[in-house]
Trainee: 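One structure, as structure tokens, below. Some questions next.
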Amino acid sequence: MPDGVTLLADRYRARGHGAQPVVLMRSPYGRRGIWSLCARLFAERGYQVLIQSCRGTGGSGGEFDAYRYEAQDGQATLAWMARQPWFPGKVGMFGPSYLGIAQWAIAGDPPDMLGAMAVPISSARVRAFTYPGGTFPLDSTLTWLALLARERRDNRMSLGDQLAARRRLASGFSALPLSVADVAVTGERVPFYQDWLARMDDDAFWEPVEFDRRLGALTVPVTMVTGWYDMFLPAQLADYLELRAAGRDVRLTVGPWKHTDPGAAGESLRDAFDWFGRHLLNGGGGATSPRVRLFVGGDRRWLEVGEWPPPARNVRWHLQPGGLLHTRTPQPSAPDRYRYDPRDPTPSVGGTVLAPSGGRRDNRALERRGDVLVYTTAPLVRDVEVVGPVAAELHVRSTLEHTDFFVRLCDVEPSGKSLNICDGLMRLTPSQWRRGDDGVGTLEVALWPAAHVFRRGHRIRVQVSSGAHPRFARNLGGGEPLPTAVTMHVADQEVWHDPDHPSAIVLPIRDPA
């Protein structure tokens, strides 16, 4: 690198071939295992592959500081490749998650030799996915710190080591203040984790790694793969929409996956083989495919459309007294109430987390808790197909000015099993409340987008609560700074549903053709 730091890389190529296009993968997770397998699969298909360990990882020099060096190191690596005798003048970049973010880091100023990008389950919007809904994704963040720490130990862990790591992770989830959670999980202070806790509103800190600021300058063809239960999904769809608005060549696949699903990994490779075949091997990658492919849950089929989101009509399903959910306007009624106590936080069940525990899960035990409100339709008389962005409008009142509201959409099967489809959380501060004279505030909670058919005989269910711990850091209710907060406050919450306060979930409905 220009500052004298050496980054290690492995190069793969098929025997007997000349100058082949190069696929570059820049990873903080070492260069063996799944990454070595990916390199071999690309090499078998006529590419050279360079797997590079990011700064401070996998034996590379320097210190790892998440996202901070990826733009300059990525550009320097491409410039170094251009000087090598084996480089033919054409390169594509591949890799999911952090490997995708390392691609987005150079997207604002790509060299001419960059011919294509495949960026599955990742996003250029680093700040947005670091603070979803204005909160902090504690589970995924600490799980990732544990993964990085394991990589530094060469990933060799006995069963006893694995059990100890799980105990450390659980300790981190319950730790207060949050500034000690990194030490509980990894045994050491992690500077970038401390920055993330303390600098949510620091524009100057985040500007260098908000790679979406330069997306409009990207002319490189991009293909994206993600999942309905992936933690990057809303940010990645925003990347797609911005590139399409700029008239760029971009393709999107959204499947039934969570972040760590093998299915997402397999589809990401197949998608990249096709994309690079067209853009790096002059059309050798297969037939033309649709711009947007969406897996529709509940019906287990793929939907091919021209754009995201596809046409749909937004239908308001109102929360009703007695725990009902219906499209009619609610009648005059008293609000529903519950108490949120951060000493016994509402737990997370499935959803969009880095850990394997994410994805679809049965929510019945969660829905029996006193701090979770549930609103359910009668059994449906016909299929209801939901495809697109999902949102909730809540009319609420709280005894605290600092509090959270979590909304989840579920599909209730005839057996009673309640499976989560999508959800979202909004963290409130005094400046965010829009309250009337009665003290009732109106909130607009963005849920994860969805593509799902609620089958005839099933029921649509909406949960409302004030947390999903440890997926999101619990709101202690006092407005103390996130890294140092320790004092817990109980919140008494009200959810209103009457003609003047028509709380509802808004579903994008696709009518039968």
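Excluded from the calculations below are hydrogen atoms, water molecules and symmetry mates; all remaining heavy atoms, backbone and side chain alike, are included.
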Trainee: Thinking salt bridges, do Asp299 and Arg455 make one under a 4.0 Å N-O criterion?
Mentor: yes
Trainee: Taking all non-hydrogen atoms of both residues into account, name the closest pair between Ala264 and Val225 and its distance.
Mentor: O-CG1, 4.4 Å
Trainee: Restricting to non-hydrogen atoms, name the atom on Cys422 and the atom on Pro449 that form the minimum distance, rounded to 0.1 Å.
Mentor: CB-O, 4.1 Å
Trainee: Quick one, Pro389 and Trp308 - any side-chain contact, counting heavy atoms below 4.5 Å?
Mentor: yes
Trainee: Using the ring centroid of each side chain, check whether His395 and Trp496 are separated by less than 6.0 Å.
Mentor: no
Trainee: Is the closest basic N to carboxylate O distance between Arg408 and Glu367 below 4.0 Å?
Mentor: no
Trainee: Salt bridge check, Glu385 against Arg301: does any charged N sit closer than 4.0 Å to a carboxylate O?
Mentor: yes
Trainee: Do Thr346 and Leu366 come within less than 4.5 Å of each other through their side chains, counting heavy atoms only?
Mentor: yes
Trainee: Are the side chain of Ser333 and the backbone N or O of His497 linked by a donor-acceptor pair below 3.5 Å?
Mentor: yes
Trainee: Do Glu207 and Arg127 sit within salt-bridge range, that is, some charged N less than 4.0 Å from a carboxylate O?
Mentor: no
Trainee: Is the closest side-chain heavy-atom distance between Asp230 and Trp257 below 4.5 Å?
Mentor: no
Trainee: With a 4.5 Å limit on heavy-atom distance, are the side chains of Leu319 and Val462 in contact?
Mentor: yes
Trainee: For Pro132 and Pro137, which heavy atoms make the closest approach, and how far apart are they?
Mentor: CD-CD, 3.7 Å
Trainee: Taking the side chain as C-beta and beyond, is there a heavy-atom pair between Thr403 and Val396 under 4.5 Å?
Mentor: no
Trainee: Suppose we screen for side chain to side chain donor-acceptor pair (under 3.5 Å). Which residues come up paired with Ser415, at least two apart in sequence or across chains?
Mentor: none
Trainee: Start with the C-alpha distance between Val464 and Leu394, add both sets of side-chain angles, then the distance that settles side-chain contact (heavy atoms from CB on, under 4.5 Å), and finish with yes or no.
Mentor: CA-CA 9 Å; Val464 179; Leu394 297 183; 4.1 Å; yes
Trainee: Does the side chain of Arg364 come under 3.5 Å of the side chain of Ser418 through a donor N or O and an acceptor N or O?
Mentor: no
Trainee: Judged by atom type as modelled, is there a donor-acceptor pair below 3.5 Å linking the side chain of Asp202 to the main-chain atoms of Ala204?
Mentor: yes
Trainee: Which label fits Phe192 and Trp144: parallel for a plane angle under 30°, tilted from 30 to 60°, or perpendicular past 60°?
Mentor: tilted
Trainee: Looking at side-chain heavy atoms only, is the closest gap between Pro96 and Ser122 below 4.5 Å?
Mentor: no
Trainee: Does some side-chain heavy atom of Pro347 sit less than 4.5 Å from a side-chain heavy atom of Arg369?
Mentor: yes
Trainee: Look only at the side chain of Glu304 and the backbone of Val292, and say whether a donor-acceptor pair between them is shorter than 3.5 Å.
Mentor: no
Trainee: Tell me which one of Thr141, Thr143, Asp139 satisfies side chain to side chain contact (heavy atoms under 4.5 Å, CB included) with Leu354.
Mentor: Thr143
Trainee: With a 3.5 Å distance limit and no angle check, can you tell me whether Asp344 reaches the backbone of Asp341 through a side-chain donor-acceptor pair?
Mentor: no
Trainee: Mark yes or no for whether His318, through its side chain, and Gln320, through its backbone, hold a donor-acceptor pair below 3.5 Å.
Mentor: no
Trainee: So does Glu307 pair up with Arg244, basic N to acidic O under 4.0 Å?
Mentor: yes
Trainee: Is the backbone N or O of Leu99 less than 3.5 Å from a side-chain atom of Ser97, with the two atoms forming a donor-acceptor pair by type?
Mentor: no
Trainee: Are any non-hydrogen side-chain atoms of Phe405 and Gln493 less than 4.5 angstrom apart?
Mentor: yes
Trainee: Would you confirm whether His469, through its side chain, and Phe173, through its main-chain N or O, come within 3.5 Å as a donor-acceptor pair?
Mentor: yes
Trainee: Are Tyr193 and Leu145 close enough, and set up right, to give a side-chain contact (heavy atoms from CB on, under 4.5 Å), and what steps lead you there?
Mentor: CA-CA 9 Å; Tyr193 168 80; Leu145 295 187; 3.9 Å; yes
Trainee: Answer yes or no on whether Arg68 is positioned over the face of Phe205, meaning its NZ or CZ is under 6.0 Å from the six-membered ring centre and within 45° of the axis.
Mentor: yes
Trainee: Between Asp383 and Arg510, is there a salt bridge with N-O shorter than 4.0 Å?
Mentor: no
Trainee: Looking at His501, is its backbone amide N or carbonyl O close enough to the side chain of Asp498 to form a donor-acceptor pair, meaning the two atoms are under 3.5 Å apart?
Mentor: yes
Trainee: Charged N to carboxylate O under 4.0 angstrom, Arg213 versus Glu242?
Mentor: no
Trainee: Apply side-chain hydrogen bond (donor to acceptor under 3.5 Å, both in side chains) to the pair Asp336 and Tyr375, showing each step before the final yes or no.
Mentor: CA-CA 11 Å; Asp336 291 324; Tyr375 302 88; 2.6 Å; yes
Trainee: Identify whether the distance between the nearest side-chain nitrogen and carboxylate oxygen of Arg339 and Asp371 falls below 4.0 Å.
Mentor: no
Trainee: Evaluate whether atom CZ of Arg189 has more than 12 neighbouring non-hydrogen atoms of other residues, nucleotides or ligands under 6.0 angstrom away.
Mentor: no
Trainee: Side chains of Glu494 and Tyr338: is there a donor and an acceptor less than 3.5 Å apart?
Mentor: no
Trainee: According to side-chain hydrogen bond (donor to acceptor under 3.5 Å, both in side chains), does anything in residues 350-361 pair up with another residue at least two apart or in another chain? List the pairs.
Mentor: Thr352-Arg471
Trainee: Compare every heavy atom of Met488 with every heavy atom of Leu176, then report the nearest pair and how far apart it is.
Mentor: CD1-CE, 3.3 Å
Trainee: Begin from the C-alpha positions of Thr487 and Leu476 and carry the test side-chain contact (heavy atoms from CB on, under 4.5 Å) through to its verdict.
Mentor: CA-CA 7 Å; Thr487 305; Leu476 302 190; over 6 Å; no
Trainee: Working to the nearest 0.5 angstrom, can you tell me the gap between Tyr229 OH and Asn420 CG?
Mentor: 5.5 Å
Trainee: Apply ring-ring contact (aromatic ring centres under 6.0 Å, His included) to residues Tyr67 and Trp206 and explain how you reach the verdict.
Mentor: CA-CA 10 Å; Tyr67 319 130; Trp206 285 105; 7.5 Å; no
Trainee: Between Glu401 and Gly479 (side chain of the first, backbone of the second, donor and acceptor by atom type, cut-off under 3.5 Å), is there such a pair?
Mentor: no
Trainee: Dump the intermediate steps for ring-ring contact (aromatic ring centres under 6.0 Å, His included) on His259 and Phe232, then the final yes or no.
Mentor: CA-CA 8 Å; His259 193 75; Phe232 291 114; 5.5 Å; yes
Trainee: Can you tell whether the side chains of Arg251 and Asp271 come within less than 4.0 Å, N to carboxylate O?
Mentor: yes
Trainee: Between Arg461 and Asp411, is the salt bridge (Lys or Arg N to Asp or Glu O under 4.0 Å) condition met? List the steps.
Mentor: CA-CA 6 Å; Arg461 175 168 290 170; Asp411 183 344; over 6 Å; no
Trainee: Give a yes or no answer on whether the side chain of Thr327 reaches the backbone of Trp317 with a donor-acceptor pair at less than 3.5 Å.
Mentor: no
Trainee: Before giving the answer on side-chain contact (heavy atoms from CB on, under 4.5 Å), spell out for Val119 and Trp104 the whole-Å C-alpha distance, their side-chain angles and the decisive distance to 0.1 Å.
Mentor: CA-CA 8 Å; Val119 283; Trp104 290 121; 3.4 Å; yes
Trainee: Establish, from distance only, whether the side-chain atoms of Asp182 and Gln194 form a donor-acceptor pair under 3.5 Å.
Mentor: yes
Trainee: Salt-bridged, Asp362 to Lys417, with N to O below 4.0 Å?
Mentor: no
Trainee: In terms of side-chain geometry, is the basic nitrogen of Arg316 or Glu393 positioned less than 4.0 Å from the acidic oxygen of its partner?
Mentor: yes
Trainee: Indicate the atoms forming the closest heavy-atom contact of Ala451 with Trp228, along with that distance.
Mentor: CB-CZ2, 3.2 Å
Trainee: Once you round to the nearest 0.5 Å, how far does CD of Glu267 lie from CZ of Phe295?
Mentor: 11.5 Å
Trainee: Could you tell me whether Arg125 and Asp239 make a salt bridge, using a distance below 4.0 angstrom between a side-chain N and a carboxylate O?
Mentor: yes
